[in-house]
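All values reported here derive from a predicted model rather than from experimental measurement.
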Amino acid sequence: MTNTKKWLTTAAVLALSSTLAFAAPHEGGKHGRHGRGGDFSEHLAKKLNLTEAQQQQIAESQKSFREANKSLFDAARETRQKMHAAREAGDTAGLEALKGTATAQHAQLKQLRDAQMQRIEGFLTPEQRTQWQAMKAEREARRAQHGEHGNDSNRF
């Protein structure tokens, strides 16, 4: 396998993993998106000073999002695990065979995540939306500074 193919495969796996980290359910909010406790809506509540009603709307939207897309999350997680196993076993043919599936799943997950971010923005006031956009820009600046790959402006 050429270095370019290895890099693309690694990038696809990392991109899929980061998408799943956002999209995967967090039972009871104990493990949080960042591993510091709490979940996505709690993070937003603190940063954007959300009202109780907004927090409830976002929590319900996130729950509905997870439930509606559970089968895709599970399939993408399974693909990622198969890719990891193939890579560990040195099975380049198996890895290549899974790459297309992983890429398609990643694109679908990104599209779903983008739509979910739009729904969440709909719950925000104009001032909160401005702050939300600033938070996303700050995250992108941090990612660029640390040399992270990709330009996913809907995540922070």
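How far CD of E138 is from CD of Q131: 9.0 Å, rounded to the nearest 0.5 Å. Here the straight-line distance linking atom CZ of R129 with atom CG of L48 works out to 11.5 Å at 0.5 Å rounding. Here the CZ-CG distance, from F73 to L112, works out to 7.0 Å after rounding to the nearest 0.5 Å. In this structure, CE on M135 lies 12.5 Å from OG1 on T130, to the nearest 0.5 angstrom.
A salt bridge links E78 with K82; the closest basic N to acidic carboxylate O contact falls under 4.0 Å.
Annotation: side chain of Q54 is in contact with side chain of Q128 (closest heavy-atom distance under 4.5 Å). A 4.5 Å side-chain heavy-atom check between W132 and M117 finds at least one atom pair inside the cut-off. Two residues are said to be in side-chain contact when any heavy atoms from C-beta on lie closer than 4.5 Å; H84 and R87 meet this criterion. Put simply, the side chain of L124 reaches to within 4.5 Å of the side chain of L50, judged on heavy atoms.
In this structure, Q105 and A76 approach most closely via the heavy-atom pair OE1-CA, 3.4 Å. Pairing each heavy atom of T79 with each of L98, the nearest pair is CG2-O, 4.2 Å. M83 approaches K99 most closely through the heavy-atom pair CE-CA, 4.3 Å. The heavy-atom pair separating A86 from G94 by the smallest distance is CB-C, 4.3 Å.
Between the side chains of E67 and S64, no donor-acceptor pair is found at a separation under 3.5 Å. A side-chain donor from one of R119 and Q116 sits under 3.5 Å from a side-chain acceptor of the other. Side-chain contact of Q56 with E60: a donor-acceptor pair under 3.5 Å is present, judged by distance alone.
Within the 3.5 Å criterion, the main-chain N or O of L72 finds no donor-acceptor partner in the side chain of N69. The backbone N or O of Q57 lies less than 3.5 Å from no partner atom in the side chain of S61, so there is not a single donor-acceptor pair.
R143 pairs in a side chain to side chain contact (heavy atoms under 4.5 Å, CB included) with only one of the listed residues (Q145, R139, H146), which is R139.
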